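Inspection log for the structure reproduced underneath, given as structure tokens.
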Amino acid sequence: MIELHGVTKTFNKKTQVLKGIDLTVEEGQTVALIGSSGSGKSTLLRCINLLETPDTGTIRIGDYQFDAEHINHSVRKQVRTKTAMVFQNFGLFANKTALENVTEGLLVVQKKNREEANEIARRYLDKVGMADRANYYPTALSGGQKQRVGIARALALNPKIILFDEPTSALDPELVGEVLQVIRKVSEENVTMLVVTHEMDFARDVADRVAFMDDGQILEYGDPKEVFQNPKEERTKQFLQRYLQRFTYVI
Amino acid sequence: MGKIFDPQFMIEIIPDILKGIPYTLLIAVVAFFVGCVLGLIGAFAKIYRVPVLRQITAVYVSFIRGTPLIVQILLIYYAIPILVRVINARFGTNYDISWIPAVVFMLIAFSINAGAYLTESIRASILAIDKGQLEAAYSIGMSTWSAMIRIVLPQAVKVGLPVFANFFIGLMKDTSLAFTAAVPEIMGQAKIEAGRASRFFEAYIDAALIYWGLCLIFERLVALLEKHVSKSEKGVTK
């Protein structure tokens with residue numbers, strides 16, 4: 001379970017990006033974080049694994065809790081061994097094969113032996129349908145394949161939560177499906193996930209909870225059907241309407 | 001009355017001038033590797049904005065890049081004996097400067113020079129690796145140290161390979177300035193042979209050809225290395 005209380009973040013002493021975030025992600029839940037660009041979704045995600053350092057607030061990951069005011073080297077290390085992240089631009093290590101990308105954390109951070117690491121990595125590559133590409137370098141993989149390796153890398157670490165930062169935003173439209181399918185499959189296995197996404201269909205169909213973020217705050221939080229069909233806030237309505245409109249264009 | 005140009009003499013002295021190659025290579029290789037270490041320290045000081053070290057690096061790089069190599073060589077050549085005398089005077093020791101071979105002075109001078117140039121090259125190579133990979137390494141719990149050693153630096157070396165190779169070729173030729181400190185490298189040997197018969201042009205042609213030959217061999221090696229590097233990571237292993 002992940003709990004955030006009063007998390008704030010200001011960039012350059014003047015741009016407040018997060019204005020006091022409270023958010024709970026229950027064990028095994030998939031929470032979709034939606035909202036327009038610049039609303040602070042990615043920053044919130046990056047504050048959880050401390051790629052950004054929050055200014056104030058407390059964060060609990062499983063039974064590990066810390067204050068924004070007391071973040072040091074060991075807190076960062078603790079937090080990052082309990083979380084994993086899937087990046088918009090994949091973040092695959094270019095000098096490592098698909099398999100080595102997955103084993104890297106197992107070997108270096110979790111200190112597993114190579115045999116065990118390889119076995120775990122192959123299992124997760126198989127899960128994301130990339131077993132036959134284990135020995136390929138990232139340059140030889142398509143965007144969708146890269147992202148599936150990225151997901152395998154995150155899963156293999158067996159973290160308390162996986163943070164997805166717009167995992168399909170950098171993909172060609174025809175590759176989005178294969179990645180969403182993998183994420184859906186993972187979510188059905190009760191892995192705890194927080195997913196920043198612009199894929200509204202995905203948020204509605206796959207997420208257990210949806211959080212709508214606007215201007216550094218979570219305006220709405222609840223069951224996807226509730227949020228999508230009966231948004232309470234005017235801002236949410238506007239946002240969703242724009243997306244619905246986009247769909248009518250497509251048709 | 002001697003000949004205007006003496007090809008026979010030119011060929012005769014080649015073996016003697018070739019004896020300078022080990023010195024040339026010694027200075028170039030040592031300076032390159034020590035320079036890489038200094039350059040790495042400088043690059044990290046700049047990238048991670050390490051207080052004090054960053055300012056020292058800035059002055060160091062600026063000074064070395066802003067002064068001629070020959071001046072730096074002479075400064076080191078005269079500074080070290082003075083330093084030894086100062087130490088002797090202050091601590092009552094009795095170190096004898098003449099025990100230190102001239103080549104050591106040159107190793108120090110060229111290393112310091114290489115370090116400044118390599119600081120910038122290494123910094124650029126590291127920054128060329130996209131930040132996403134470093135963040136990904138952090139996100140799976142890796143330390144900055146492991147991320148650098150295992151992910152960033154191996155790629156930075158490949159990115160910087162042409163630049164480093166170019167620098168090494170330049171360095172190899174710059175070692176010819178070591179003759180000013182009477183180091184018997186290629187140029188030093190050429191001068192000795194030339195002086196013996198007062199046939200300078202012949203000796204310098206030899207020196208030029210030998211430097212050229214060395215550079216050709218090195219360029220060939222680098223081309224092979226680059227080919228090898230670009231072959232891996234494009235596709236599949238095993």
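Here the structure is a predicted model, which means the values were calculated and not measured. Because only heavy atoms are used, hydrogens play no part in the values below, and waters and symmetry mates are left out as well, while side chains stay in.
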Fill in: Sidechain N-carboxylate O distance under 4.0 Å for B/K46, B/E120
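Judged by the 4.0 Å cut-off on N to carboxylate O distance, B/K46 and B/E120 do form a salt bridge.
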For each of [options], tally heavy-atom pairs with chain B at distances under 4.5 Å, and name the one with the top tally.
| options | result |
| --- | --- |
| A/L106, A/V108, A/L50 | A/V108 |
| A/Q88, A/K77, A/K82, A/R153 | A/R153 |
| A/L51, A/L141, A/N49, A/L157 | A/L51 |

Discussion item. Please report the interatomic distance CG(B/L177) to CD(B/Q72), rounded to the nearest 0.5 Å.
Written reply: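 With rounding to 0.5 Å, CG (B/L177) is 10.5 Å from CD (B/Q72).
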Worksheet item: To the nearest 0.5 Å, what is the distance between CG (B/L214) and CD1 (B/I21)?
Response: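 So the CG of B/L214 and the CD1 of B/I21 are separated by 5.0 Å.
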Discussion item. Which atoms of A/R76 are under 4.5 Å from chain B, going by heavy atoms: the side chain, the backbone, both sets, or neither?
Written reply: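 Neither the backbone nor the side chain of A/R76 comes within 4.5 Å of chain B.
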Worksheet entry | Interchain contact, A/F87 with chain B, by part (heavy-atom threshold 4.5 Å) |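 The side chain, not the backbone.
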Worksheet item: Which members of residues 129-151 of chain B, sorted by number, sit under 4.5 angstrom from chain A on a heavy-atom basis?
Response: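 Within residues 129-151 of chain B, near chain A: B/G132, B/Q133, B/E135, B/A136, B/A137, B/Y138, B/S139, B/I140, B/G141, B/M142, B/S146, B/R150, B/I151.
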Item to complete: Quick one: sort the B/F168 and B/F32 rings into parallel, tilted or perpendicular, breaks at 30° and 60°.
Response: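 Perpendicular.
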Worksheet item: When you look at CD of B/E226, are more than 12 heavy atoms from neighbouring residues, nucleotides or ligands closer to it than 6.0 Å?
Response: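 Check passes, neighbour count above 12.
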Discussion item. I'd like to know whether A/T24 forms a side-chain hydrogen bond (donor to acceptor under 3.5 Å, both in side chains) with A/E3, so could you lay out the CA-CA distance, the side-chain angles of the two residues, the decisive distance to 0.1 Å, and finally the verdict.
Written reply: CA-CA 5 Å; A/T24 305; A/E3 252 181 46; 4.9 Å; no
Item to complete: Kindly indicate, with the supporting measurements, whether the criterion side-chain hydrogen bond (donor to acceptor under 3.5 Å, both in side chains) is fulfilled by A/D67 and A/T58.
Response: CA-CA 4 Å; A/D67 290 340; A/T58 55; 5.0 Å; no
Discussion item. Before you tell me yes or no, could you show the steps for A/N135 and A/T97 under side-chain hydrogen bond (donor to acceptor under 3.5 Å, both in side chains), namely the whole-Å CA-CA distance, both residues' side-chain angles and the distance that decides it to 0.1 Å?
Written reply: CA-CA 5 Å; A/N135 292 327; A/T97 61; 4.9 Å; no
